[in-house]
Amino acid sequence: MKMPVTLSRYKNLRIAQWQYESDGWKRALEFIQFENIYSKNNLAELIKNRNGQIDQLVAVESHLEWFVQQEILITILRSDIKDFKWLLEKELLKNGSPEKNATSDYKRIYKEIEKIKEAHRGQKSRFDKFLIEIF
């Protein structure tokens, strides 16, 4: 027999879904971080193979700066996700109802994660084109 969806059960389901999503956010950030590390290592290896002779040094520096900025943003988002999960656990133990803080944090982090994923896709494409052009 199917249990009726009561308000408290609905709130518990929402918290469980948000916990699941926050785990996905952490995986997405980890993937982006690994991709950035791989890209930096790839660039370093290509420069090494060319004995440091690069015509577009400014562009190389620009890409490396972007990777560093992404690392900083990933660190901040990981901290935000950790705080969000702590808030969810606190709310679940307290009364099973996410408060406005949890809802606003969820919306803010969700938007930020979507932005960093989109930025990563665009940067990855630009970086790959850059590598093809200079090497």
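These figures come from a predicted structure and were not determined experimentally.
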Discussion item. Out of the candidates Leu43, Ile132, Asn36, only one should pair with Phe127 under the side chain to side chain contact (heavy atoms under 4.5 Å, CB included) rule; please name it.
Written reply: Leu43
Minimum heavy-atom separation for [X] to [Y], with atom names?
X      : Y      : value
Gln70  : Ile116 : OE1-CG1, 3.0 Å
Trp66  : His120 : CH2-CA, 3.8 Å
Ala102 : Leu88  : CB-CD2, 4.2 Å
Ala119 : Arg126 : O-NH2, 4.4 Å

Return the [atom1] to [atom2] distance between [X] and [Y], rounded to the nearest 0.5 Å.
X      : Y      : atom1 : atom2 : result
Phe67  : Ser62  : CZ    : OG    : 10.0 Å
Ile113 : Leu77  : CD1   : CG    : 4.5 Å
Asp128 : Glu133 : CG    : CD    : 11.0 Å
Phe84  : Ser104 : CZ    : OG    : 9.5 Å

Worksheet item: Is a side-chain donor-acceptor pair under 3.5 Å present for Tyr110 with Glu21?
Response: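 Absent: no donor and acceptor within the cut-off.
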Worksheet entry | same_hphob_cluster(Phe130, Leu64) at 4.5 Å side-chain heavy-atom cutoff | yes
Worksheet item: Can you list every salt bridge (Lys or Arg N to Asp or Glu O under 4.0 Å) pair that touches residues 67-83, not counting sequence neighbours?
Response: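 Sorted result for residues 67-83: Lys40-Glu71, Asp80-Arg108.
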Discussion item. Tell me which pairs pass side-chain hydrogen bond (donor to acceptor under 3.5 Å, both in side chains) where either residue lies in residues 22-32, with sequence neighbours left out.
Written reply: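 Listed by first then second residue: Asp23-Lys85.
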Item to complete: Compare all side-chain heavy atoms of Trp18 with those of Thr103 and state whether any distance is below 4.5 angstrom.
Response: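 Heavy-atom side-chain distance check passes, below 4.5 Å.
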Worksheet item: Are Asn49 and Glu45 close enough that some pair of their side-chain heavy atoms sits under 4.5 Å apart?
Response: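 With C-beta onward as the side chain, the pair touches.
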Fill in: Connected hydrophobic set around Val68, excluding itself, where side chains approach under 4.5 Å
Ile72, Ile76
Worksheet entry | Trace of the salt bridge (Lys or Arg N to Asp or Glu O under 4.0 Å) decision for Lys111 with Glu114 | CA-CA 5 Å; Lys111 287 178 187 176; Glu114 290 303 310; over 6 Å; no
Item to complete: Just jot down the salt bridge (Lys or Arg N to Asp or Glu O under 4.0 Å) partners of Glu65, sequence neighbours excluded, or say none.
Response: none
Worksheet item: Excluding sequence neighbours, so at least two apart, what forms salt bridge (Lys or Arg N to Asp or Glu O under 4.0 Å) with Glu112?
Response: Lys115
Discussion item. Run the side chain to side chain contact (heavy atoms under 4.5 Å, CB included) test against Asn42 and tell me which residues pass, sequence neighbours left out.
Written reply: Leu46, Leu131
